[in-house]
Amino acid sequence: MFRPGELDQKCDFLREVRTSDGMGGVELSTENIQQNVWTKVRPLSGKESERFDKLNAEELTLFVTRYRTDIEEDDRIVWEGVGYNIRHIPRKSTRSMYSEFYAERGVAL
């Protein structure tokens, strides 16, 4: 399906962390789960739409890495300085060599 030589881009995986601020509220921060992960990046689709007199561009992208179990749908991917929200992670057997992450940019969390 994929070849190791196709993993030619580097991405970072980020997770939003909620911590108590000591006054009954919550502080949000972002931590790196993994940095510089070799990844295959394949844009799948894109579209523009206008909402509330603003032009919005969206893009769906497939990211493929070596098999991972530490990434969740709530996490984010940063590729070339652009953040992508992970929308879907197809579940695979533990014998799979690769993990796939479908992620979007240009949309809200």
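Count residues from 1 along the sequence. These numbers come from a predicted model, not from an experiment.
Atoms NZ and OG, on K92 and S99 in that order, are 7.0 Å from each other to the nearest 0.5 Å. Atom CG of N32 sits about 12.0 Å away from atom CZ of R76, to the nearest 0.5 Å. Atom-to-atom distance recorded for I33:CD1 and R68:CZ is 8.5 Å, nearest 0.5 angstrom.
Between E59 and P43, the shortest heavy-atom contact is OE2-CB, 3.8 Å. Considering every non-hydrogen atom in both E72 and D75, the closest pair reads N-OD2, 2.8 Å. Summarising the geometry of I89 relative to E100, their closest heavy-atom pair is CG2-O, 3.6 Å, with the distance given to 0.1 Å. When all heavy atoms of N36 and D12 are compared, the pair lying nearest together is N-OD1, 2.9 Å. Taking each heavy atom of R18 and V26 in turn, the nearest pair found is CB-CG1, 3.6 Å. Listed here is the closest heavy atom pair of C11 and I77: CB-CG2, 3.9 Å.
Under a 3.5 Å cut-off, the side chain of T30 and the backbone N or O of E16 do not form any donor-acceptor pair. Without hydrogens or angle criteria, D21 side chain to M23 main chain gives a donor-acceptor distance under 3.5 Å.
Counted by atom type alone, Q9 and W38 present zero donor-acceptor pairs between their side chains at under 3.5 Å. Side-chain N/O atoms of N85 and R105 include no donor and acceptor closer than 3.5 Å.
Cation-pi geometry between R87 and F101 is not met at under 6.0 angstrom from the ring centre and within 45 degrees of the axis.
Considering only heavy atoms from C-beta on, L7 comes within 4.5 Å of Y98 through its side chain. Using a 4.5 Å heavy-atom cutoff, the side chains of T39 and T65 are in contact. Residues E27 and S29 are not in side-chain contact: their nearest non-hydrogen atoms beyond the backbone lie 4.5 Å or more apart.
Following chains of ILVMFWY side-chain contacts shorter than 4.5 Å, one cannot reach L44 starting from V82, and the two form parts of different hydrophobic clusters.
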Show, in sequence, the C-alpha distance, side-chain angles and deciding distance for I86 and F63, and conclude whether the side chain to side chain contact (heavy atoms under 4.5 Å, CB included) test is met. CA-CA 10 Å; I86 297 175; F63 294 87; over 6 Å; no
For E73 and R91, run salt bridge (charged side-chain N to carboxylate O under 4.0 Å, His left out): C-alpha distance rounded to whole Å, both residues' side-chain angles, the deciding distance at 0.1 Å, then the answer. CA-CA 11 Å; E73 276 90 356; R91 300 296 168 215; 3.1 Å; yes
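Relative ring orientation between Y84 and W79 is described as tilted, the plane-to-plane angle lying within the 30° to 60° band.
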